[in-house]
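When a ligand or atom number is given, it counts from 1 through the structure's own listing order.
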Amino acid sequence: MTAYTDVVNDLSRELSLKKPKDVIQFCADYFNNKLAEDPARQQPSTATAPSSRPAQTASGAPLFKDQFGGDPHEPLSHHPHRGSIFKDSFTHPEDPQSNKIRPLDNASPGSGFAAHLAKVKFNPERRISVSAESVNPEIFATSSWQPPVHDLSDEQLQRLNNIVRKSFLFSQLEDEALRTVIYALEEKKVPRGTEIIKQGDEGDYFYVLESGEVTFVVNGETKGQGKSGSTFGELALMYNSPRAATVISSQDCVLWALDRMTFRRILLEGTAKRRAMYDGFLKDVPVLRCLNSYERNKLADALESETYNKGDTIIREGEPGENFYFIEQGEAEVFKEGEGHMATLGKGDYFGELALLNDLPRQATVVAKSDVIKVVTLDKNGFQRLLGPAIEVLKLQDPTKI
Ligand SMILES: Nc1ncnc2c1ncn2[C@@H]1O[C@@H]2COP(=O)(O)O[C@H]2[C@H]1O
Ligand SMILES: Nc1ncnc2c1ncn2[C@@H]1O[C@@H]2COP(=O)(O)O[C@H]2[C@H]1O
């Protein structure tokens with residue numbers, strides 16, 4: 001009874017301090033957070049597992065159940081090998097009973113593995129809102145959470161340094177947060193054909209792919225590839241929802257795994273805000289109509305906003321090109337040396353693609369026309385990796401050829 005009273009008193013104190021608008025959601029997050037942080041409820045690690053374990057109840061059941069009542073994991077509960085690579089076993093998609101990894105006969109993502117994957121139908125679009133844990137980061141201040149700290153060799157640090165320099169996700173972090181994330185990362189080498197994440201599982205780790213390639217499969221259908229430098233496994237951690245896709249290495253991969261709590265504490269808030277901020281706008285950009293909502297989210301992760309005033313030169317003809325731009329608000333004009341005014345661009349239009357597509361200097365000068373023009377920019381790396389099928393549309397719409 002004393003324990004119960006203590007818990008209720010602690011909760012009441014938190015409630016009076018934070019005064020949340022949604023008391024039920026706050027309480028749900030408060031207890032989920034407590035459970036996830038209680039080491040007594042985490043299973044002991046295995047040889048292949050990173051030191052932090054996925055959040056589970058004492059009985060081994062996932063903590064983060066469907067808030068609408070049902071347990072999203074239920075259909076898989078009789079499956080003997082539901083775990084991802086960092087749980088019980090390495091499983092081969094063609095033989096889930098096997099703990100051994102066997103290379104896939106046919107690495108072509110469209111054929112070989114898709115048919116063997118997740119039999120359970122699952123709606124990857126279903127989302128539980130990002131919980132108060134994220135929108136209310138002070139909730140963490142009171143807890144005794146300590147991030148994992150791994151022993152990294154100089155060689156590993158050097159490689160991580162390269163990844164961090166190229167990654168928009170990390171470049172947004174303050175020094176201390178970045179250091180915490182780096183030392184919490186754990187290197188994992190996985191051979192081709194390994195099921196890294198299984199659709200429907202609970203979320204445990206977020207992954208950064210240093211080298212190799214992974215394939216995403218949703219309800220048995222291949223949805224795309226992640227290339228070196230990309231990240232995955234964030235959705236289940238952001239929304240406390242089951243894994244939305246199965247992820248299989250289609251080449252030998254070097255991965256870095258970040259535990260759920262470190263992801264939530266350090267990377268979640270920025271990611272969720274950025275996705276929410278840009279999603280409405282990106283949906284209305286004609287050239288991005290061919291992207292699905294997940295591809296739009298990944299694009300949002302990489303965008304930066306910039307504002308210019310009337311007369312400012314955003315791009316100068318002849319200079320090297322580093323960024324691609326979408327206009328979020330206002331208008332810009334395009335001029336070309338010797339030819340004069342070429343075009344006026346407005347909301348939802350883009351510019352700066354030619355230099356990046358063709359590895360050429362800028363082909364024109366772009367100047368802000370409105371008093372204030374808001375643009376979102378994507379760097380070269382993001383341009384090459386995140387526009388997917390939109391790249392073909394950009395090539396077809398080359399303004400110098402039409
Ligand atoms: N089309 C897609 N739908 C859902 N998840 C995807 C898709 N493509 C890639 N993924 C990634 O696959 C991951 C599976 O685990 P998560 O749901 O945690 O996060 C998911 C995303 O990072
Ligand atoms: N007629 C045009 N010729 C060249 N660039 C144009 C023209 N119209 C619009 N632009 C845009 O102006 C941009 C200048 O930088 P980029 O050459 O990278 O990409 C160019 C196009 O996006």
Side-chain angles (χ1 to χ4, degrees), residues 54 64 72 84 109 117-118 122-128 169 195-209 214-219 221-227 230-248 258 260 263-264 268 271 275 287 291-298 301 313-327 332-345 349-367 375 377 380 383 386 388 394 397-402:
F64 304 107
S84 68
L117 294 171
F122 175 78
N123 176 10
E125 300 291 324
R126 185 188 61 172
R127 286 279 166 267
I128 299 163
L169 196 72
E195 186 177 82
I196 300 162
I197 286 179
K198 189 179 181 77
Q199 185 176 352
D201 272 4
E202 71 268 31
D204 45 10
Y205 295 96
F206 167 71
Y207 298 96
V208 181
L209 180 59
V214 295
T215 295
F216 302 108
V217 182
V218 179
N219 294 332
E221 210 181 297
T222 298
K223 290 290 182 185
Q225 269 74 40
K227 312 260 185 217
S230 63
T231 57
F232 58 89
E234 76 289 9
L235 294 180
L237 309 190
M238 285 174 73
Y239 298 101
N240 283 338
S241 57
R243 293 294 198 185
T246 291
V247 185
I248 297 175
L258 185 71
R260 173 185 175 278
F263 173 86
R264 284 188 67 88
L268 183 144
T271 307
R275 289 185 177 191
V287 76
L291 300 191
N292 63 35
S293 67
Y294 184 69
E295 289 167 328
R296 278 202 310 274
N297 277 334
K298 293 303 273 187
D301 289 344
T313 299
I314 307 171
I315 279 181
R316 195 178 298 280
E317 188 174 349
E319 289 189 348
E322 293 301 329
N323 290 301
F324 174 63
Y325 300 79
F326 292 107
I327 300 181
E333 293 191 293
V334 183
F335 299 95
K336 214 167 153 47
E337 191 72 44
E339 296 181 48
H341 183 260
M342 308 299 292
T344 300
L345 307 172
D349 289 336
Y350 61 85
F351 56 91
E353 79 291 4
L354 295 181
L356 304 188
L357 281 174
N358 307 315
D359 210 8
L360 286 171
R362 295 297 194 188
Q363 298 298 295
T365 294
V366 182
V367 178
V375 294
T377 79
K380 215 183 229 173
F383 179 82
L386 298 168
L394 295 179
Q397 295 184 352
D398 183 336
T400 61
K401 296 190 180 136
I402 48 177

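- The closest approach between G233 and ligand 1 falls below 4.0 Å for a heavy atom of the residue.
- Scanning all protein heavy atoms for the shortest distance to atom 10 (N) of ligand 2 gives V334 CG1, 3.7 Å.
- Counting only non-hydrogen atoms, the option in R362, E353, K401 that gets closest to atom 21 (C) of ligand 2 is E353.
- Checked against a 3.5 angstrom limit, the closest N/O atoms of A355 and ligand 2 fall inside it.
- Residue contacts with ligand 2 for L354 involve both N, CA, C or O and side-chain atoms from C-beta outward (heavy atoms, distance under 4.0 Å).
- Scanning all protein heavy atoms for the shortest distance to atom 3 (N) of ligand 2 gives T400 CG2, 3.6 Å.
- Looking only at protein heavy atoms, the nearest one to atom 17 (O) of ligand 2 is Q363 N, 2.7 Å.
- Annotation: atom 8 (N) of ligand 2 to nearest protein heavy atom, P399 CB, 3.5 Å.
- Applying the salt bridge (Lys or Arg N to Asp or Glu O under 4.0 Å) criterion to E234, with sequence neighbours excluded, gives R275, K298.
- Geometrically, ligand 2 and M342 share no nitrogen or oxygen pair separated by less than 3.5 Å.
- Residue-ligand proximity, F351 to ligand 2, at heavy-atom distances under 4.0 Å covers atoms 22 (O).
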Please list, one pair per line, the donor and acceptor atoms closer than 3.5 Å that link side chains of residues 315-327 to other protein atoms, with sequence neighbours excluded.
residue	atom	partner	partner atom	Å
E317	OE1	E337	N	2.8

